[in-house]
Amino acid sequence: MPTVYPVNLTAPLLLLLLWATHPTVATNWLSLARLPRNRPVSGAAPCARLRGLTPGQVGVCRARGEVMESVCKAAEMVIEECQHQFRNRRWNCSTTPRGINVFGRVMNQGTREAAFVYALSSAALAVAVTRACTRGELERCGCDRKVRGVSPEGFQWSGCSDNLSYGVAFSQTFVDDPERAKVLSAGRPLMNLHNNEAGRKAILHNMHVECKCHGVSGSCELRTCWKVMPPFRRVSAVLKERFDGATEVRLTRVGSRTALLSRDPQVKPPAARDLLYLAPSPDFCHLDPDNGIPGTAGRRCNGTSRLAPDGCELVCCGSGYRAGRAEVVQRCSCKFSWCCSVRCQQCKNTVTIHTCRV
Ligand SMILES: *[C@@H]1O[C@H](CO)[C@@H](O)[C@H](O)[C@H]1NC(C)=O
Ligand SMILES: *[C@@H]1O[C@H](CO)[C@@H](O)[C@H](O)[C@H]1NC(C)=O
Ligand SMILES: *[C@@H]1O[C@H](CO)[C@@H](O)[C@H](O)[C@H]1NC(C)=O
């Protein structure tokens, strides 16, 4: 039948067009944060039905279903921490109302915002999986008792340490492998791989030792110590600093290979822990729903920190701001009662808040 032809011809074309306008973004797995949390996500059939996963990630889900709980947790951590760290910035990590690209097309360009989200995502995976290991929730890993050392006070220690190697290896499989499947001489996959690694480095460089005393009435005759990961808030703060000092790079041919080198030859070569980006960011001033940018009209800003990034001048893009009074409810007159709780009253305070002109 002749009517079949247009369908056959347009279907591949349409697919191509769709692919071209909606390139798959490697952070689409973050949409797992949108799943209802009471259902298990592992098992063969549910894995294939999870939207936003690459074929390789679906394979991971099938082979190691027990880890998917941590992957969902990591996705939640990324959105929460991103919104916390950027609460006072023009781009405030706002999420799209639905769909798999949770931060909208802001992630499609190789900007410093994308660099931050990639680094935070790979770190969150390593942290969430490592936490599950330490709690004994995963079959194939447990806490690490081989790590030992001597504390500054001269104590030998070898407690149950966070076994970062399993979590880091998982993060590499989950977010690095999809990048390696792309053309590795291209700029964006190289940028993503570098920032993924920088995210994991932010954990490794901030590990610390915790100890517990044993012995009569806390005499500390015996101590057990172990290595712990930094709280995730600390990891996100470190990465936010790296965001502020991120290096703009460009794809450069070095011999027979390509590498990302600083765009400005005066800038020293980027270190492994630095965040790299390829493209300048849009100004994020105006509402642009197609790209997932909410704009800053009506946004709260800081009226006293004038030229800081959270100050009204910068946040409102110079288009002015208003001061208003708002009532906030805070805990006050807190009393400690025996034993062991704290009782507070609720106080209403009037404060001045500044918001960008609409
Ligand atoms: C820590 O994880 C690594 C990598 O999975 C594993 O080889 C090692 O045995 C683990 N260590 C312990 C003590 O469980
Ligand atoms: C981000 O800013 C927009 C517009 O100012 C606001 O509607 C939204 O609630 C903010 N989102 C977050 C997560 O702070
Ligand atoms: C505004 O900025 C000042 C100075 O940087 C800071 O002390 C203050 O806490 C900020 N206020 C708010 C509401 O964030």
Side-chain angles (χ1 to χ4, degrees), residues 25 27-35 37 52 72-109 111-121 123-124 232-237 239-241 243-245 281-332 346-358:
V25 178
T27 48
N28 282 351
W29 67 270
L30 293 176
S31 63
L32 295 185
R34 293 181 163 167
L35 290 179
R37 282 309 295 280
C72 294
K73 182 73 200 148
E76 286 171 6
M77 286 156 60
V78 169
I79 295 171
E80 188 184 325
E81 283 307 308
C82 187
Q83 293 187 340
H84 174 78
Q85 294 298 341
F86 284 81
R87 64 198 179 285
N88 297 324
R89 293 295 185 105
R90 282 191 197 165
W91 179 67
N92 64 356
C93 272
S94 55
T95 52
T96 53
R98 64 192 72 82
I100 52 173
N101 200 351
V102 290
F103 293 123
R105 281 193 230 165
V106 174
M107 291 302 115
N108 295 14
Q109 269 81 46
T111 57
R112 52 167 95 213
E113 285 75 21
F116 176 82
V117 169
Y118 276 71
L120 190 67
S121 301
F232 199 57
R233 175 64 38 99
R234 167 105 184 98
V235 175
S236 69
L239 291 175
K240 174 69 184 316
E241 270 169 39
F243 168 91
D244 286 328
S281 305
D283 63 18
F284 296 112
C285 287
H286 306 290
L287 174 70
D288 179 1
D290 285 349
N291 287 316
I293 298 172
T296 64
R299 176 86 57 82
R300 222 176 129 170
C301 57
N302 188 327
T304 47
S305 64
R306 277 188 57 78
L307 288 174
D310 66 342
C312 291
E313 291 297 327
L314 276 176
V315 169
C316 308
C317 306
S319 56
Y321 53 97
R322 300 182 310 139
R325 313 285 279 167
E327 218 168 52
V328 291
V329 180
Q330 283 168 326
R331 300 194 329 159
C332 59
Q346 301 224 314
C347 299
K348 282 185 187 158
N349 285 323
T350 313
V351 294
T352 306
I353 61 162
H354 294 89
T355 49
C356 299
R357 255 183 228 290
V358 180

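One-based numbering, in listed order, for ligands and for the atoms of each. Atom set for the values below is all heavy atoms of this structure, side chains included, hydrogens, waters and symmetry mates excluded.
The main-chain N or O of T111 is never found under 3.5 Å from a side-chain atom of S281 such that the two would form a donor-acceptor pair.
Polar contact with ligand 2: present for R299 (N/O pair, distance under 3.5 Å). Among the atoms of Q83, none of the N or O lies under 3.5 angstrom from an N or O of ligand 2.
By the 6.0 Å and 45° rule, K240 stacks over the aromatic ring of F86.
Tested against N101, the residues T96, N108, T95 include a single side chain to side chain contact (heavy atoms under 4.5 Å, CB included) partner, N108.
Between V315 and N88 the shortest side-chain heavy-atom distance does not fall below 4.5 Å. E113 places a side-chain heavy atom less than 4.5 Å from the side chain of F284.
Of all atoms in ligand 2, numbered sequentially from 1 with element shown, those under 4.0 Å from a heavy atom of G295 are 4 (C), 5 (O).
Here the straight-line distance linking atom CZ of F103 with atom CD of Q83 works out to 6.5 Å at 0.5 Å rounding.
Under the 2.5 Å SG-SG cutoff, C316 and C356 qualify as a close cysteine pair.
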Give a table of atom pairs where an N or O of ligand 3 lies under 3.5 Å from a protein N or O.
from: ligand 3; atom 1: 2 (O); to: N302; atom 2: OD1; distance (Å): 3.4
from: ligand 3; atom 1: 2 (O); to: N302; atom 2: ND2; distance (Å): 2.3
from: ligand 3; atom 1: 11 (N); to: N302; atom 2: ND2; distance (Å): 2.8
from: ligand 3; atom 1: 14 (O); to: N302; atom 2: ND2; distance (Å): 3.4

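Applying the side chain to side chain donor-acceptor pair (under 3.5 Å) definition to pairs two or more places apart or across chains, those involving residues 284-295 are D288-N291.
For the pair C356 and ligand 2, no heavy-atom separation below 4.0 Å is found.
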